[in-house]
Amino acid sequence: MTDSCHEPTLQPGEAPHIEVRDLTMAFGDFVLQRDLSFSIPRNSIFVIMGGSGCGKSTLLRHILGLLDPAAGSVLLDGSRISGLEADERQAIMSRFGVLYQSGALWSSMTLAENVSLPLEEYTELDAAEIREIAILKLAMVGLKGFEDYYPAEVSGGMQKRAGLARAIALDPEILCIDEPSAGLDPISSKRLDDLIQELRDSLDTTVVMVTHELPSIYAIGTDSIFLDAETRTMIASGPPNWLRDHCDHPTVRTFMTRGEGEDG
Amino acid sequence: MTGPRIEATRGPEGLTLTASGQWDIEVATPDAQAVERAVTSLGPGDVLLYDTADLEKWDSGLLALLLRLESIASDRGAKVDRRGLPDGAGRLLALAESSPAREDARRSEEKAPVVDRVGTAALDAIDEAEESVTFLGETTRALGRFLTGRSRYRKRDLWLLVQQAGAGALGIVSLVSFLLGAILAFVGAVQLQQFGATIYVANLVGVAMARDMGALMTAIVMSGRSGAAYAAQLGSMKVNQETDALVTLGISPVEFLVVPRVLALSSMMPLLTLYSVLMGIAGGALVGMAMLDLSLTTYWNQTLGALSITGLVGGLFKALVYGVLIALAGCREGMRCGGSASAVGDAATAAVVSSIVAIISAAGVFAWVFYVLGI
Ligand SMILES: Nc1ncnc2c1ncn2[C@@H]1O[C@H](COP(=O)(O)OP(=O)(O)O)[C@@H](O)[C@H]1O
Ligand SMILES: [Mg+2]
């Protein structure tokens with residue numbers, strides 16, 4: 001570990017929104033990552049970086065409490081969220097909004113119904129109000145007029161945006177996003193970045209995002225960690241722009257400059 | 001915690017909407033009818049203002065409500081002044097309005113007139129029939145290529161399919177056939193006991209299983225087991241664009257996916273049917289021994305005397321045809337599957353329904369042809 005690759009962003013005395021302590025992730029005997037420790041500040045856009053297959057999506061699933069740690073723990077506002085009973089977990093899940101890597105829209109429901117389902121499950125609103133909110137959320141992501149389309153009838157980028165509308169249906173406290181720009185053109189992906197930033201600013205959301213897109217990492221990321229597939233641990237943490245300028249770990253350098261800093 | 005409230009007051013500057021308390025998405029929004037009436041009374045030149053000094057927390061429910069009230073106000077020609085809203089709320093409302101609605105995107109709700117719908121249904125039926133014939137033609141041609149050794153497929157896949165359609169189905173076929181043989185024997189025994197001709201139970205079970213019931217029951221079991229599986233496999237490959245990936249490689253999905261399935265199922269069906277006939281006879285024998293005090297050898301000899309080679313071969317031939325029909329129905333429904341996961345479920349359902357219809361129709365045709373031929 002080189003100190004030049006670790007820059008704490010949490011102010012002294014500031015309580016983290018989410019804290020990961022000595023987390024080891026494993027599938028059976030196969031250890032994916034060990035000894036991860038980091039804090040996600042409130043209202044930050046926290047980026048998880050690393051090569052394909054190093055365990056970024058798996059880390060997200062641990063943060064969501066969907067997988068139990070092999071060792072260590074994940075704390076939300078200071079209390080453990082792993083290994084909870086089903087009903088305790090249910091209460092916590094409504095504080096999270098998730099956009100899955102593949103969109104994961106329910107294909108037998110229209111876009112509006114997709115956004116409505118979490119509202120029907122978790123709120124006491126009546127059908128008309130739910131529909132109104134669903135339309136509002138779809139409008140926020142630029143899908144006004146597409147409420148009654150089925151997922152298979154719209155493009156991949158639109159499915160991603162509809163997935164985001166579903167993720168923010170309950171005004172979540174924490175928004176987890178897995179590779180939002182995968183498969184999107186630069187313009188759509190810029191729009192998505194703006195949208196995420198806007199949602200963070202206006203709803204006071206904490207955003208945890210897995211992405212490879214350097215432009216969006218630098219544009220909206222306020223804090224980040226870097227997972228390494230070879231050493232199977234976290235090799236860098238800090239604001240992305242700071243890491244680009246200071247971190248001298250070769251893997252991180254290559255990633256953050258797309259290899260241009262190496263031979264240029 | 002103070003509950004969410006909204007009210008309207010008229011002042012010199014215009015109509016002021018005062019939102020206060022804690023608005024939380026999980027709590028029902030307050031009744032806004034009075035406010036809505038007040039907003040409806042606005043006219044051109046009026047102004048709609050906001051006062052959110054006592055608003056502790058706001059949510060999307062408030063935003064959706066405000067959006068509705070604002071659209072009523074602007075329909076009446078009133079102006080909206082959003083300066084009184086919290087920063088974030090104003091920005092989110094602006095965001096929701098920033099992307100124009102795609103008017104052409106909205107679905108037309110109106111239903112077409114009856115004549116239209118009948119016409120469309122008829123045209124669809126013709127298209128579908130045409131597609132079916134095309135599919136049949138493609139499959140036949142691909143089978144031809146297979147027989148001449150020019151077909152592209154993976155031997156391993158074919159072998160796996162043969163295993164699944166053959167050995168994999170033994171359990172369920174045993175169970176169904178054994179019980180069917182026993183039921184036939186039981187029903188027959190009750191009738192034949194009246195004439196004291198109980199030994200003919202063996203003839204009844206043996207002939208029925210060999211000529212018709214063995215093939216028919218095996219076919220119905222296999223349409224639920226393999227036909228549905230083929231539709232689901234091919235359907236999800238379609239959804240994942242795996243079939244497109246084959247086409248772009250220059251490999252025909254019919255050759256690569258359909259032909260091995262047709263071959264696997266149609267070669268295994270006669271074998272399964274032969275097995276089913278034996279299990280049926282065993283079921284009949286059990287009833288014969290337990291209920292009618294027949295000995296196993298008597299029962300077996302009586303069965304052998306009743307069975308004819310032509311009858312058995314006819315039964316196995318029917319099984320072969322049923323196998324082809326089931327595999328074709330399954331693969332065809334899979335190949336025309338739409339682009340979503342629910343479409344895969346629909347394809348599996350359609351595969352089972354159409355293969356059972358095909359099996360029963362074929363059984364009817366066979367019964368007539370065999371009668372005319374005197375077999
Ligand atoms: N349920 C699982 N069981 C076993 N291994 C898994 C499972 N899910 C993921 N993996 C493995 O974990 C590794 C990391 O996966 P993932 O977190 O999806 O990577 P990425 O960083 O690309 O998102 C991969 O090698 C994958 O094969
Ligand atoms: Mg991933």
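Below, chain A is the first sequence line, B the second, and so on; all start at residue 1.
Atom CG of B:Leu257 is separated from atom SG of B:Cys331 by 8.0 Å, given to the nearest 0.5 angstrom.
Highest contact tally toward chain A, considering only B:Leu93, B:Asp59, B:Leu92, is held by B:Leu92 [criterion: heavy-atom pairs under 4.5 Å]. When B:Ala96, B:Ala94, B:Ala89 are compared by the number of non-hydrogen pairs under 4.5 Å with chain A, B:Ala96 comes out ahead.
Neither side chain, B:Thr16 nor B:Asp51, offers a donor N or O lying under 3.5 Å from an acceptor on the other.
With a threshold of 4.5 angstrom between heavy atoms, A:Leu105 does not approach chain B through any atom at all. Contacts of B:Leu95 with chain A are made by both backbone and side-chain atoms, with heavy-atom separations under 4.5 Å. Heavy atoms of B:Asp87 lying under 4.5 Å from chain A are absent altogether. Contact annotation for A:Ile135: neither backbone nor side-chain heavy atoms come within less than 4.5 Å of a heavy atom of chain B.
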Mind listing the side-chain donor-acceptor pairs of residues 208-217 of chain A below 3.5 Å, one per line with the distance, residues two or more places apart or on another chain?
residue: A:Thr211; atom: OG1; partner: A:Glu213; partner atom: N; Å: 3.0
residue: A:His212; atom: NE2; partner: A:Glu179; partner atom: OE2; Å: 3.3
residue: A:Ser216; atom: OG; partner: A:Glu213; partner atom: O; Å: 3.1

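A 4.5 Å side-chain heavy-atom check between B:Thr29 and B:Leu65 finds every atom pair outside the cut-off. When side chains are defined from C-beta on, B:Leu67 does not count as touching A:Glu132, because their heavy atoms never get closer than 4.5 Å.
Under the 3.5 Å distance criterion, the side-chain polar atoms of A:Gln159 are left unmatched by any main-chain donor or acceptor of A:Gly157.
Taking A:Thr9 as the reference, A:Asp223 meet the side chain to side chain donor-acceptor pair (under 3.5 Å) condition, with sequence neighbours excluded. B:Arg37 meets the side chain to side chain donor-acceptor pair (under 3.5 Å) test with no other residue; sequence neighbours excluded.
Residues of residues 73-81 of chain A having a heavy atom under 4.5 Å from any heavy atom of chain B: none.
Few gaps surround CZ on B:Arg68; more than 12 heavy atoms of other groups in view lie less than 6.0 Å from it.
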